[in-house]
Amino acid sequence: MRTRNHPAAADLTLPQVLHALSDPVRLGLVRKLADGGEQPCNALDLAVAKSTASHHFRVLREAGIILQRPEGTQFMNSLRREDLEARFPGLLEAVLRAV
């Protein structure tokens, strides 16, 4: 299984994070991860094609919002709460409250 590249916490940028959060599907993913903790991709029940879901996960991962780690034949997803809070204090909680 391929490993996923994640940006270092110090490399997270506000424009990338805000862009990733600007899409309703990605925002819904973030909300589900915030409510349910670490989850596999297929448990998040997205109403989009698999290739579209992969795109949304990639955008969130490359922006530094989620962490994907391999487990068996799937990837487990979790929010990078601590990294986001350290870099942009209060941003994630403000976005989650607004959803």
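Numbering starts at 1 and runs along the sequence shown.
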### Summary
Taking every heavy atom of Pro70 against every heavy atom of Phe75, the minimum-distance pair comes out as N-CD2, 3.7 Å
### Message
Show me the pairs that pass side-chain hydrogen bond (donor to acceptor under 3.5 Å, both in side chains) and involve residues 83-96, at least two apart or across chains.
### Response
Arg80-Asp83, Arg81-Glu93
## Note on the structure
Here the gap from Arg61 atom CZ to Ser54 atom OG, rounded to the nearest 0.5 Å, amounts to 9.5 Å
### Message
Using the side-chain contact (heavy atoms from CB on, under 4.5 Å) definition, which of the options Leu18, Val17, Leu27, Leu84 pairs with Val95?
### Response
Leu27
### Message
Which heavy atom of Ala20 sits nearest to which heavy atom of Ala63, and what is that distance?
### Response
CB-CB, 3.7 Å
### Message
Between Leu96 and Leu67, is there shared hydrophobic-cluster membership here, with clusters defined by ILVMFWY side-chain heavy atoms closer than 4.5 Å?
### Response
no
### Task
Applying side chain to side chain contact (heavy atoms under 4.5 Å, CB included), run through Arg26 and Val59 and close with a yes or a no.
CA-CA 8 Å; Arg26 292 191 292 265; Val59 170; 3.5 Å; yes
### Query
For Gln39, does its backbone N or O pair with a side-chain atom of Asn77 as donor and acceptor, under 3.5 Å?
yes
### Message
Are Met76 and Ile65 connected into the same hydrophobic cluster when the rule is that any two of I, L, V, M, F, W, Y join if their side-chain heavy atoms are below 4.5 Å apart?
### Response
no
#### Entry: Minimal non-hydrogen separation, Val48 against Ala53, with atom names
CG2-N, 3.8 Å
### Gap separating the CG atom of Leu46 from the NE2 atom of His56, nearest 0.5 angstrom
7.5 Å
### Task
Drop me the distance from Leu60's CG to Gln16's CD, to the nearest 0.5 angstrom.
11.5 Å
#### Entry: Same cluster (ILVMFWY, side-chain, under 4.5 Å), Val30 and Phe57
yes
### Query
Run the side chain to side chain contact (heavy atoms under 4.5 Å, CB included) check on Leu91 and Leu14 step by step: do they pass?
CA-CA 10 Å; Leu91 176 67; Leu14 188 58; 3.8 Å; yes
### Query
So, for Ile66 and His6, which heavy atoms are closest and what is the spacing to 0.1 Å?
O-CD2, 3.6 Å
### Query
Under the side chain to side chain contact (heavy atoms under 4.5 Å, CB included) criterion, do Ser78 and Arg69 qualify, and how do the steps go?
CA-CA 9 Å; Ser78 60; Arg69 67 171 184 81; over 6 Å; no
